[in-house]
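Below: one structure, written as structure tokens.
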Amino acid sequence: QVQLVESGGGSVQAGGSLRLSCSAPRYTVATVSLAWFRQAPGKEREGVAHIYIDGSHSWYSDSVKGRFIITRDNTKNTLDLQMNSLKVEDSGMYYCVGGTRKLWDYQWQTPKEYKHWGQGTQVTVSS
């Protein structure tokens with residue numbers, strides 16, 4: 001069973017930064033597409049950032065573009081999300097996810113495209 005383990009969540013004031021990290025072993029089931037999703041209470045899951053396992057094809061939701069950066073470190077087998085200029089509306093549970101096929105810009109935000117999901121890490125941004 002593939003395990004994706006997130007860390008780095010917490011509480012921060014608006015305007016601050018957090019860095020999320022996910023342990024994502026490269027060998028696991030030929031994972032090709034990696035992404036971060038988030039879900040706030042009462043809302044649907046939202047894809048916020050995507051990257052291929054080779055570090056190419058990074059895409060972002062409009063809500064985080066210019067503030068978040070997704071990176072993949074194959075030497076450490078980690079997937080990171082640097083979140084800057086955080087807003088209250090960025091609060092939610094953040095999930096590291098992995099898919100077994102290449103996704104394109106019109107697919108990556110669809111949750112069902114990802115086979116593997118971590119347990120999530122909570123991010124709370126206060127005003």
Side-chain angles (χ1 to χ4, degrees):
Q1 180 68 28
V2 173
Q3 277 197 320
L4 300 174
V5 181
E6 304 94 339
S7 62
S11 298
V12 66
Q13 286 195 321
S17 297
L18 281 175
R19 187 176 184 89
L20 305 183
S21 187
C22 172
S23 172
R26 181 185 179 90
Y27 66 86
T28 54
V29 291
T31 301
V32 178
S33 288
L34 296 164
W36 287 94
F37 275 70
R38 69 184 179 190
Q39 187 168 25
K43 294 189 177 181
E44 294 185 354
R45 286 186 178 182
E46 174 192 16
V48 297
H50 165 282
I51 195 168
Y52 282 165
I53 200 165
D54 65 0
S56 67
H57 293 79
S58 56
W59 296 307
Y60 300 89
S61 67
D62 289 343
S63 61
V64 307
K65 199 173 296 181
R67 301 187 296 121
F68 289 14
I69 301 171
I70 187 171
T71 54
R72 164 70 177 173
D73 188 332
N74 287 334
T75 62
K76 298 179 181 178
N77 290 329
T78 58
L79 175 72
D80 292 343
L81 185 69
Q82 178 66 42
M83 306 187 294
N84 301 319
S85 302
L86 282 162
K87 304 177 181 180
V88 172
E89 52 264 41
D90 292 321
S91 297
M93 189 68 78
Y94 280 70
Y95 299 92
C96 170
V97 303
T100 56
R101 65 188 190 99
K102 276 190 175 180
L103 301 176
W104 298 102
D105 56 0
Y106 62 92
Q107 297 172 306
W108 73 270
Q109 290 180 294
T110 302
K112 68 178 182 180
E113 295 287 355
Y114 299 90
K115 183 177 181 180
H116 307 292
W117 290 72
Q119 292 300 306
T121 186
Q122 179 69 39
V123 171
T124 303
V125 184
S126 58
S127 59

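Values reported hereafter were calculated over all heavy atoms of this structure, with side chains retained and with hydrogens, waters and symmetry mates removed. In this text, all values refer to a predicted model and were calculated from it rather than measured experimentally.
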Side chains of T100 and H116 in contact at under 4.5 Å (non-hydrogen atoms): yes
Within-4.5 Å side-chain heavy-atom neighbours: D90 and M83: no
Any idea which heavy atoms bring L18 and G8 closest together, and the distance? CD2-O, 4.0 Å
Find out whether S61 and F68 are in side-chain contact, i.e. whether some heavy atom of one side chain is under 4.5 Å from a heavy atom of the other. no
When you measure from the side chain of E46 to the backbone of R38, do you find a donor-acceptor pair of N or O atoms at a distance under 3.5 Å? no
Salt bridge between K65 and D62, side-chain N to carboxylate O under 4.0 Å? yes
Qualifying residues under side chain to side chain donor-acceptor pair (under 3.5 Å), relative to S17, sequence neighbours excluded: N84
Donor-acceptor pair, Q109 side chain versus G47 backbone, under 3.5 Å? yes
Looking at every heavy atom in both S126 and V88, which two are closest together, and how far apart are they? C-CG2, 4.1 Å
Between T121 and Y94 (side chain of the first, backbone of the second, donor and acceptor by atom type, cut-off under 3.5 Å), is there such a pair? no
If you compare all heavy atoms of Y60 against all heavy atoms of A49, which two are closest, and at what distance to 0.1 Å? CD2-CB, 3.7 Å
So do the side chains of L79 and L4 get within less than 4.5 Å of each other, counting heavy atoms only? no
Nearest 0.5 Å, please: how far is CD in Q13 from CG in L86? 11.5 Å
Between Q107 and S33, do the side chains contain an N or O donor and an N or O acceptor separated by less than 3.5 Å? no
Rounded to the nearest 0.5 Å, how far does CG of D80 lie from CG of L34? 11.0 Å
Side-chain heavy atoms of H57 within contact of W104, under 4.5 Å: yes
Got a second to check how far Q39's CD is from R45's CZ, nearest 0.5 Å? 5.0 Å
Nearest heavy-atom approach of D105 to W59 is N-CH2, 3.5 Å
Does the pair R101 and E113 meet the rule for a side chain to side chain contact (heavy atoms under 4.5 Å, CB included), with working shown? CA-CA 8 Å; R101 65 188 190 99; E113 295 287 355; 2.7 Å; yes
Measure across S56 and D54 and return the closest heavy-atom pair with its distance rounded to 0.1 Å. OG-OD1, 2.7 Å
Looking only at the aromatic ring of each residue, does the gap between the centers of Y114 and F37 stay below 6.0 angstrom? yes
To check you understand the geometry: which heavy-atom pair defines the closest contact between S127 and A14, and what is its length? CA-CB, 4.4 Å
Heavy-atom distance under 4.5 Å between the side chains of T71 and Q82, does that happen here? no
Stepwise, does the side chain to side chain contact (heavy atoms under 4.5 Å, CB included) test hold for L81 with E6? CA-CA 10 Å; L81 185 69; E6 304 94 339; over 6 Å; no
Decide yes or no for I53 and R72: does some side-chain heavy atom of the first lie under 4.5 Å from some side-chain heavy atom of the second? yes
